[in-house]
Amino acid sequence: MTINAAGATPAFATRQVHAGQSPDPATGARITPVYLSAGFVFDDLEAAKAAFEGRGGYSYTRVGNPTLTSLERKLADLEGGVDAVVVASGQAAVADALLAILRDGDHLVAARSIYSGSRSLFVEVFARFGIAVTFVDDSSGLDAWREAIRPQTRALFAESISNPRNEVLDVRGVADIAHAHGLPLVVDSTLATPYLVRPLDHGADIVVHSTSKFITGNGSALGGVIVDGGRFPWADHADLHPQFSTPGAAGTTFVDRNGPAAYAQYTRDVIVQRLGPTLSPSNAFVVQQGLETLSLRMERHSQTALAVARWLETHPAVDRVDYSGLDSSPYHALADEYLPRGAGSVFAVRLHGGLEAARALHDNVAVISRMTHLGDVRSLVLHPATTTHGSLTADERDALGIDDGVLRLSIGLEDAADIIADLEQALEHVPAADSTGRAVFAGARA
Ligand SMILES: *Cc1c(COP(=O)(O)O)cnc(C)c1O
């Protein structure tokens, strides 16, 4: 965004409203309109040529569209990047961000705690294209990241806050390891949003989001984005990442033409345009509307989640609450360092009574919705072991700390007291003893 009249860079709350948006040049409309047009007219042959050579003007919505450009500018600004590419979903953002870097024979190192859809993408799809992956069990163990790197490794991938256990990434620590090997760090920051942490400020090179979650915030539209930090020295590591420094038909490279935005432009022109996951301008408009209130929502989400997590921690049916905002969390120090504005609103609660206890809480909530989504204005609950993590073996689930007693909560924007009252009445349905008659927790309803 252009600097304000006083010459200072405006604060986040101002930029989330104004960045990337100026009144529509044709009509003066204050909000960027939904340009639902597949194509754009060329004034003459020279204009058509210029559009096709990427020298200005729109041609076809899969290549670019003013509604999408406006959202890309706002998201790049809020993340502190040089450019952004919006796509149809978070899943497309993860896939395309990495396919711009990886090819047949390459290797990726990823945190084991990543979103289950990303995990399946790597082990079921990337594997078929000859791209191998190694998972790091404990993302806060920096030695494990270092040891997982091979000569074929081309990228490191992790989430700034993981789901469901709310683990916080040591972005700087992992970025330093990546850079020492000539590799970019790609961070999925869906659960944090740029309001809680900007991974690029801490050394990450590329940030991706599912905008379907907190960024839109109202649970109404899917979307995704890839943000280029613009600082990774691709040309210095052309042996590892030749695609950005290899001359094309015109004799120039992406680094020559796009400088610090070489990665973003390559991703847009070569990967997204060819694979085709174009974001609908209608969805972009909905994402844009949500984004304008992001800071207010994230503040409240985080405050309410902390209140709910603190209350749950004291309940006798509860064994453990995994929320980095709590003093009891092993990630509390990392949260203090990276998440001073709050730890988000998605966390896990483990009940003493295993599956039957989880089922009782899950099936008896009334304010909270049973849904596989997160970052919604509505509070949501999900049982990972039978849903998102249902295709894993019991050992794999154990490695992630996700057993039958674990529920995921995504705390919404309802009143904190109403959410707590809902959990309290649902927890009254949790049996005090298991099927053998053994007491599961003290002080429960008889
Ligand atoms: C939901 C999610 C995705 C996938 O996003 P979609 O928009 O559902 O395709 C990727 N990463 C994380 C962390 C997510 O929560």
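One-based numbering, in listed order, for ligands and for the atoms of each.
The cationic atom of K213 (NZ for Lys, CZ for Arg) lies less than 6.0 Å from the six-membered ring centre of Y115 and within 45° of the ring axis. Figure legend: R62 and Y60 shown without cation-pi pairing, the cationic atom not lying both under 6.0 angstrom from the six-membered ring centre and within 45 degrees of its axis. The cationic group of R165 does not satisfy the cation-pi geometry with F347, failing either the under 6.0 Å distance to the six-membered ring centre or the 45° limit from the ring axis.
Contacts with ligand 1 closer than 4.0 Å are made by no heavy atom of L222, backbone or side chain.
Heavy atoms of G223 come nearer than 4.0 angstrom to ligand 1 in at least one pair.
The closest protein non-hydrogen atom to atom 1 (C) of ligand 1 is K213 NZ, 1.4 Å. For atom 3 (C) of ligand 1, the closest non-hydrogen atom of the protein is Y115 CE2, 3.4 Å.
Annotation: E159 places no N or O atom under 3.5 Å from an N or O atom of ligand 1; distance criterion only. Looking at ligand 1, you'll find an N or O of Q91 within less than 3.5 Å of one of its N or O atoms.
One distance of note links CZ of R146 with CD1 of I177; it measures 4.0 Å at 0.5 Å rounding.
Residues H237 and F232 bring their aromatic ring centres within 6.0 Å. For F254 and F244, the distance between ring centers is not under 6.0 angstrom.
Which parts of ligand 1 touch G90 is read off a 4.0 Å heavy-atom cut-off, strictly below it: atoms 4 (C), 5 (O), 6 (P), 7 (O), 9 (O). Heavy-atom proximity to D188, at under 4.0 Å, picks out these atoms of ligand 1: 10 (C), 11 (N), 12 (C), 13 (C). Each of the following atoms of ligand 1 lies closer than 4.0 Å to a heavy atom of S212: 6 (P), 7 (O).
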Verdict with supporting geometry, V85 and L68, side chain to side chain contact (heavy atoms under 4.5 Å, CB included):
CA-CA 9 Å; V85 184; L68 305 187; over 6 Å; no
